[in-house]
Amino acid sequence: MIIAEAYERIKNILEEMGVKEIPPFRVEIAPEGFGELATNAAFLVSRELKRPPRELGEVIAKKLAEDPLFDKCEVAGPGFVNLWISWDCYANVLKKIIEEDANYGKHVSKGERVQFEFASVNPTGPITVGHGRQAVIGDVLANLFEWYGYEVQREMYINDAGRQIDLLAYSLWVRYNEVLGVEGLEIPEDGYKGEYLIDLAKKLVGEVGDSYREVWNEDAKAFFRDYALHAMLSSMRSTLRSIGVEFDNYFSESSLIEDGTVREVLEILSEKGYLYEKDGAIWFKVSEFIDESDKVLVRSDGSPTYFLTDIAYHLNKFRRGFSRVFDIWGSDHHGHEPRMRAAMKALGIPDGFFNVVFHQYVTLKKGGEVVKMSTRRGEFVTLDELVEAVGVDAVRYFFSMIDANTHLNFDIDLAMKKSEENPVYYVQYSHARIRSIFRKASEKGFSFEPGRGLEKLGNEKERALALQLSIFPRVLEEAANAFATNKLTGYLETLASKFHSFYTENLVLDPENPEVSHGRLNLCRATEVVMKNAFKLLGVSAPERM
RNA sequence: GUGCCUGUAGCUCAAUGGAUAGAGCGCUGGACUCCGGAUCCAGAGGUUGCGGGUUCGACUCCCGCCAGGCACGCCA
């Protein structure tokens, strides 16, 4: 908020100085000892104005010093302009934060509808820790975009059409027969061997008895398919719900085949001349768009590939009127992106509509050793297990605090045994502390009055905290633009640190100084508001007590 | 072999081409008879994988290596 205002003032000055094209200069919190805000504007206009940065910085600083927004402005180093903000300005921001309360940080509507699609994993086994990372990243990014002014839909794509589901059905049928004591059947090499299917098979025997014992016909196939799919989906959904991830819509892959979208895609591409037949299959001329080999859309047995249904899926998304869609994909799918872009181009869907946010995988460590995960072999640590061990807050915070594009090393022993070392506790503690101050306040006879006493504040710690609070909207913008949930957790940690530091040096409730006390209560309330809002975006609880 | 991601303090990770590369954990030493010590303050700890290049300025951009991960299917 303050940064935005400072930005405007500087922009005006640059225009007065004769700059025709305003460069992308920055206004940010200055390093320790260089004022409160700093800008690099002088460097960026130096070339156009043909004068050294230091000299231009002096001009800018001099003009800014006349502005009541600032107490002091100086040029430093090779041309940075350092700014000190007036306490009046801070006080106004704090009042605004308290007034806007649960809405502080929200940007005005951009009038755009976008979609985030994530956690679209194969419904062939329990959700793993790796899937959990994707779900949390997608959910938090969706929250961030909502606050940044977009209308957001959260969607999960259900891969219910492919060969994997058939394999799952057959694997379950084998387990079912095993439970009934039938010997000699085996789950295929590429089938699903996890224990969860044994549990499911037992349940199934309880429900249908031995009606499908050693019977594997079309009827049995359909039954086991539906049963397995239904069971897997409902378990996935309940796991995701347990970490606060809910979807606005579930979209079935097979519906695209049933409603003709898949066939329509083939017709469009065929009319445009992008298809050809070879070896009994139908191929898409990927090579006409990018430097990659052509890909099969329809197999020689007539079934559509995943690539084809995915193209149809995105054509469907486009027709639903989103201005942009964001798919969250694991890094193992990165090879799929260029092909999809080629397909979007072939269908005439505008550039920029289709976007992918990639995340790297999670490496689990247990007992100092890397745990290999494989759904098919049935070796994995499930998200349920992790949540039970460390709690929802820690899980969500931990997955949010690391850049999606960074490999995440998750030490299970550490998370289970020493969960109190998780940064989430540090941040939550500052919130609990503030709540405690308010409880104490009523005991001491203070009642909170918005705005009262703020003009009495202005020491170093109070200013540092106020400055941090003022940049919250900017942080949301940066986090959304960079698809970086970790910018939000990083911000919270800095905010908590500024608060603890303020708290240590300043007595909030001091009967000897009622006006100052009221002012500090306002500062505490503003901090509480920002923390609550940030926690909400992360899906982490804001505890009253710990 | 080709493409993508990663490589930063002992460990886990930050740092839109900007000032002295920062946090947490761990380590060392301190802190008010007072609002929550799950806190605060200070300190030690770095050739940003290696070598070149671009410019006022490079962890960041370009080129070449090295190491790890992932992908290169009529799997999804």
Side-chain angles (χ1 to χ4, degrees), chain A residues 24 26 28 30-34 38 40 43-44 46-47 52-54 76-80 82 120-122 124 159 161-165 167 190 253 278-283 291-293 295-307 309-310 330-338 358-361 363 398 401-411 414 418 420-423 425-426 428-430 432-441 443-444 446 478 481-482 484 486-487 489-490 493-494 496-497 499-510 517 520-521 524 545-546:
Chain A
R26 296 192 52 91
E28 48 196 14
E32 191 108 6
F34 293 100
N40 63 346
F43 294 98
L44 303 183
S46 157
R47 188 162 303 197
R54 172 92 198 183
F80 292 96
N82 299 326
S120 302
V121 298
N122 273 333
T124 52
N159 302 114
R163 200 174 138 262
Q164 304 304 324
I165 298 299
L167 266 172
D190 51 356
E253 180 185 5
K278 193 180 85 179
D279 303 329
I282 298 175
W283 298 68
D291 185 21
E292 237 185 87
S293 57
K295 291 285 179 284
V296 169
L297 294 186
V298 182
R299 302 189 186 93
S300 47
D301 69 0
S303 63
T305 60
Y306 169 81
F307 184 29
T309 52
D310 211 24
S331 61
D332 55 338
H333 284 63
H334 74 251
H336 191 54
E337 190 200 10
F358 287 103
H359 68 93
Q360 301 298 314
Y361 268 11
T363 304
F398 207 95
M401 70 184 278
I402 283 152
D403 186 285
N405 220 10
T406 298
H407 296 269
L408 172 56
N409 287 306
F410 201 114
D411 188 328
L414 189 75
K418 301 185 174 181
E420 71 279 358
E421 288 175 9
N422 195 304
Y425 293 95
Y426 176 75
Q428 286 181 319
Y429 180 67
S430 56
R433 210 174 205 186
I434 292 171
R435 294 307 305 152
S436 166
I437 293 170
F438 278 100
R439 286 193 295 271
K440 206 82 183 178
E443 281 174 30
K444 288 196 179 181
F446 285 102
E478 285 176 356
N481 282 331
N486 58 309
K487 286 187 190 294
T489 56
E493 283 160 35
T494 307
S497 158
F499 175 75
H500 285 310
S501 186
F502 151 78
Y503 176 89
T504 304
E505 283 191 22
N506 298 281
L507 188 60
V508 176
L509 302 169
D510 181 3
S517 297
R520 288 183 180 153
L521 269 178
C524 287
R545 293 184 171 82
M546 292 175 72

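The structure displayed is predicted, hence computed values, not measured ones. Chain A is the first sequence line, chain B the second, and so forth, proteins listed ahead of strands; every chain is numbered from 1.
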(message) Could you go through A/I165 and A/N159, starting from their C-alpha distance and side-chain angles, then the distance that decides it, and tell me whether this counts as side chain to side chain contact (heavy atoms under 4.5 Å, CB included)?
(response) CA-CA 8 Å; A/I165 298 299; A/N159 302 114; over 6 Å; no
(message) Checking A/I437 against A/L521 for the side chain to side chain contact (heavy atoms under 4.5 Å, CB included) test, could you report, in this order, the C-alpha distance in whole Å, the side-chain angles of both residues, the deciding distance, and whether it holds?
(response) CA-CA 8 Å; A/I437 293 170; A/L521 269 178; 4.1 Å; yes
(message) What verdict does the side chain to side chain contact (heavy atoms under 4.5 Å, CB included) test give for A/N405 and A/H359, after you've listed the backbone C-alpha separation in whole Å, the side-chain angles of each residue and the deciding distance to 0.1 Å?
(response) CA-CA 5 Å; A/N405 220 10; A/H359 68 93; over 6 Å; no
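A distance of about 40 Å separates the C1' atoms of B/C65 and B/U28, rounded to the whole Å. Taking atom P in both B/G45 and B/G7, one finds a spacing of 24 Å when rounded to whole Å. Comparing the P positions of B/U33 and B/C25 gives an interatomic distance of 25 Å, to the nearest angstrom. Here the separation of B/G10 from B/U6, taken at their P atoms, is 22 Å to the nearest Å. Across the P atoms, B/C66 and B/G24 are found 38 Å apart, a figure rounded to whole Å. Across the C1' atoms, B/A42 and B/C61 are found 38 Å apart, a figure rounded to whole Å. The separation of B/C56 from B/A14, taken at their P atoms, amounts to 32 Å, rounded to a whole angstrom. For the P atoms, the distance linking B/A58 with B/U48 amounts to 12 Å, nearest Å.
B/G69 has no base stacking with the ring of A/Y361 when judged by centroids under 5.5 angstrom apart and an interplanar angle below 30°.
Judged by distance alone with a 3.5 Å cut-off, a donor-acceptor contact links the side chain of A/H333 to the base of B/A76.
Among the protein residues, A/D291 comes within range of no part of the nucleic acid, since none of its heavy atoms lies under 4.0 Å from any strand. Residue-level contact check: A/L408 touches the backbone only, with heavy atoms under 4.0 Å from sugar-phosphate atoms and none from bases. Nucleic acid contact class of A/T406 (heavy atoms, under 4.0 Å, all strands): sugar-phosphate only. Nucleic acid contact for A/A38: base, since at least one base atom lies under 4.0 Å from a heavy atom of the residue. Heavy atoms of A/A482 sit nowhere under 4.0 angstrom from any nucleic acid atom.
Of the side-chain N and O atoms in A/N486, none sit less than 4.0 angstrom from OP1 or OP2 of B/C13. At the phosphate of B/C13, OP1 or OP2 sits under 4.0 Å from a side-chain N or O atom of A/N409. In this structure, A/K487 reaches the B/A15 phosphate: one of its side-chain N or O atoms is under 4.0 Å from OP1 or OP2. Between A/R520 and B/C35 there is no side-chain N or O to OP1 or OP2 distance below 4.0 Å. Look at A/S331 and you won't find any side-chain N or O under 4.0 angstrom from OP1 or OP2 of B/C4. Of the side-chain N and O atoms in A/S497, none sit less than 4.0 angstrom from OP1 or OP2 of B/U39. Note on A/T504: every side-chain N or O is 4.0 Å or more away from OP1 and OP2 of B/C40. Regarding contacts with the backbone of B/C25, every side-chain N or O of A/Y425 stays at 4.0 angstrom or more from both OP1 and OP2.
Using N1 to N3 plus N6-O4 or O6-N4 for Watson-Crick, or N1-O2 and O6-N3 for G-U wobble, each under 3.5 Å, B/C13 pairs with B/G22. Here B/G36 sits opposite no nucleotide as a Watson-Crick or G-U wobble pair (both hydrogen-bonding atom distances under 3.5 Å). With a cut-off of 3.5 Å on both Watson-Crick or G-U wobble distances, the partner of B/C27 is given as B/G43. Base pairing analysis places B/C61 opposite B/G53; the two distances defining the Watson-Crick or G-U wobble pair are each below 3.5 Å. Under the Watson-Crick and G-U wobble criteria, each requiring two contacts below 3.5 Å, nucleotide B/G3 is paired to B/C70.
Rounded to a whole Å, the OH atom of A/Y503 is 13 Å from the P atom of B/U39. Summarising the geometry, the separation between CE on A/M401 and P on B/A23 is reported as 15 Å, rounded to the nearest angstrom. The CG-P distance, from A/N40 to B/A19, rounds to 10 Å in whole Å. Taking atom CZ on A/R299 and atom P on B/C75, their separation rounds to 4 Å, with Å as the unit. Rounded to whole Å, atom P of B/G3 lies 12 Å from atom CD of A/E292. Between the NE2 atom of A/H407 and the P atom of B/G69 there is a distance of 9 Å, rounded to whole Å. Rounded to whole Å, atom P of B/A15 lies 13 Å from atom CD of A/E28. Between the C1' atom of B/U6 and the NE2 atom of A/H334 lies a distance of 13 Å, rounded to the nearest Å.
Among the nucleotides B/C74, B/C35, B/A19, the one closest to the side chain of A/A76 is B/A19. For A/Y306, counting side-chain heavy atoms from C-beta on, the closest listed nucleotide (B/C74, B/C35, B/A76) is B/A76. Distances were taken from every side-chain heavy atom of A/S501 (C-beta onward) to each of B/G36, B/C35, B/C40; the shortest belongs to B/C40. Here B/A14 is the nucleotide among B/A14, B/A19, B/G18 with the atom lying nearest to any side-chain atom of A/D403. The side chain of A/F43 lies closest to B/G18, out of B/G18, B/C75, B/C74. Here the nucleotide nearest the side chain of A/N405, chosen from B/C40, B/U6, B/G36, is B/U6.
Here A/Y426 contributes atom OH and A/S497 contributes atom OG; the two are 4.0 Å apart, rounded to the nearest 0.5 Å. The line from CZ of A/R520 to CG of A/L509 is 10.0 Å long, rounded to the nearest 0.5 Å.
Taking the six-membered ring for Trp, A/F410 and A/F398 have ring centres closer than 6.0 Å. Under the 6.0 Å cut-off for aromatic ring centres, A/F43 and A/F80 qualify, their centroids lying closer than that. For A/F307 and A/H336, the ring centers are positioned less than 6.0 Å apart.
Residue-environment remark: CG (A/D301) exceeds the threshold of 12 foreign heavy atoms within 6.0 Å.
Comparing A/E493 and A/L44 against RNA chain B, the residue whose closest nucleotide sits nearer the 5' end is A/L44. Mapping A/F398 and A/G335 onto RNA chain B via the closest heavy atom, the residue that lands nearer the 5' end is A/F398.
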